[in-house]
Amino acid sequence: MIMSVSESGVKLESLIDCEERSHLVRLATEDTIWDWDLTTNLVERSARAAKFGHPDWQSDPSMAWWERHIHPDDREATIAAFADAVHSDEMSVSVEYRFCKADGDSAYIYDRAFIIRDKAGLATRMIGAMIDLTELRLVKLLLRKTENRLAYSSRLNAMGTMGSMLAHELNQPLTAAANYIRASRHIFASAQSDDFDKIHDALEGAERNTLRAGDIIRKLRELVTQRGIVGADNSLAQLIDDGCSIGLSEAKPRTVIVRKTVNPSDLSVWIDRTQVQQVIINLVRNAVEAMENAVNPEIIVDAQRVGNFAEISISDNGTGIADDVRDGIFSAIITTKATGMGIGLSISRTIIEAQGGEIWLESSAPGFTDFRFTLPLFQISEQREHIDAD
Ligand code: ADP
């Protein structure tokens, strides 16, 4: 090939440029750059190799020097990975391993090399960078520890909330059960044969409420162990009936009129029954408490289909809700009751959102309060399950 003087001058200049640039790169980087000539089996290392503390890093240009300092547990696999790359037709290779330092510690290395091959595909040279990940790993470890600690303390926090929830939710069924048992004792004291039905009803009430208390504990334990909500097909009318009768049990002996409509009557929802029942109980119980001084206390429960959801409204003709209470009413610790804990609505929101629904305060005019929430309809969820399974 004929080359003019000026051309060769340019080539020489660019070569010098290239060498200089590569020298500068070696100085600039914190990584150990190495250049292995496979034809002579000699390795040239950048000055960063000194950081491992081995005094012979420069005087011993053999591959054996590097191999000797690979951590014994990683040595065989690391050497094999490089050998495999040399004998393959790959153009690059990267391996992670521990490299022993002179002070006895190990550095965590990410070694990435580029392979130069001749026309026949034979590897003739490899240029790589030993990137020291030790500090990064330490930071990651610290981060993971902090994350674990954070998760642990938020778990403790959640368990504290759970404890309050437990106290709040168990109070009602256990009080009801105690009342039923007390009533049975009184009836027994003056037992006449036609009182046996009453005793039977009272004991049945006690049994139902004790079972419900157990159910609540189980569900809360499931929440603590972070298991998902288990959805099932539930008749909405039945759910409303059960929730209302438990929610109303504290209202006795006051007469509260309850009007219920479910349209269409066979609406079926895909939800966790005990949890949603708890929401209905909370809303009905709040309504009963708000109607303490109402002349004709009345609760209207109305459920209907809206798209793929059932929308349930629970309204009452009680006190209504003052503006300052209304804002943030679903956040914890808002209460106007002497013995209230202010977490019933916040729990209700958590439950409804976990089922895929929404809950809101539709209206709170004096003498009229209307809470609403939505629940996914059974048919739609079932179809979604089938699609997911496919
Ligand atoms: P708690 O019942 O323990 O106070 P909740 O979270 O269930 O906790 O309710 C928060 C507050 O919202 C109640 O203290 C009450 O002031 C108000 N509230 C809830 N429901 C009604 C209702 N139906 N009518 C009037 N006020 C209500």
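Ligands are counted one by one from 1 in listed order, and the atoms in each one are counted from 1 as well.
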Counting heavy atoms not belonging to Lys140, are there more than 12 under 6.0 Å from its NZ?
no
State if Phe330 counts as touching ligand 1 under the rule of any non-hydrogen atom under 4.0 Å.
no
Decide whether the shortest distance between a heavy atom of Ser364 and an atom of ligand 1 is less than 4.0 Å.
no
Quick one: which ligand 1 atoms are inside 4.0 Å of a heavy atom on Gly344?
5 (P), 6 (O), 7 (O), 8 (O)
Those atoms of ligand 1 less than 4.0 Å from some heavy atom in Ala290
22 (C), 24 (N), 25 (C)
Heavy atom under 4.0 Å from ligand 1: found in Asn282's side chain, backbone, both, or neither?
neither
When you look for heavy atoms under 4.0 Å from ligand 1, do you find them on the side chain of Thr319, its backbone, both, or neither?
side chain
Whether Lys198 and Asp201 form a salt bridge (side-chain N of Lys/Arg under 4.0 Å from carboxylate O of Asp/Glu) is what I want to check.
no
Honestly, is Arg349 close enough over Phe330, meaning NZ or CZ under 6.0 Å from the six-membered ring centre and within 45° of the axis?
no
Backbone or side-chain N or O of Glu289 under 3.5 Å from ligand 1 N or O
no
Geometry only, no angles: is Leu345 polar-contacting ligand 1 at N/O separations under 3.5 Å?
yes
Nearest 0.5 Å, what's the CZ-CD1 distance between Arg75 and Ile79?
6.5 Å
Check each of Ile329, Ile321, Val325 against atom 26 (N) of ligand 1 and report the one with the nearest heavy atom.
Ile321
Go through it in stages, so that I can follow the logic: the residues are Thr124 and Asp118, the test is side chain to side chain donor-acceptor pair (under 3.5 Å), and I'd like the CA-CA distance, side-chain angles, deciding distance and then a yes or no.
CA-CA 7 Å; Thr124 54; Asp118 64 13; over 6 Å; no
Can you tell me if Arg48 uses its side chain to pair, donor with acceptor, with the backbone of Thr29 under 3.5 Å?
yes
Should the pair His54 and Trp65 be assigned to parallel (<30°), tilted (30 to 60°) or perpendicular (>60°) ring geometry?
perpendicular
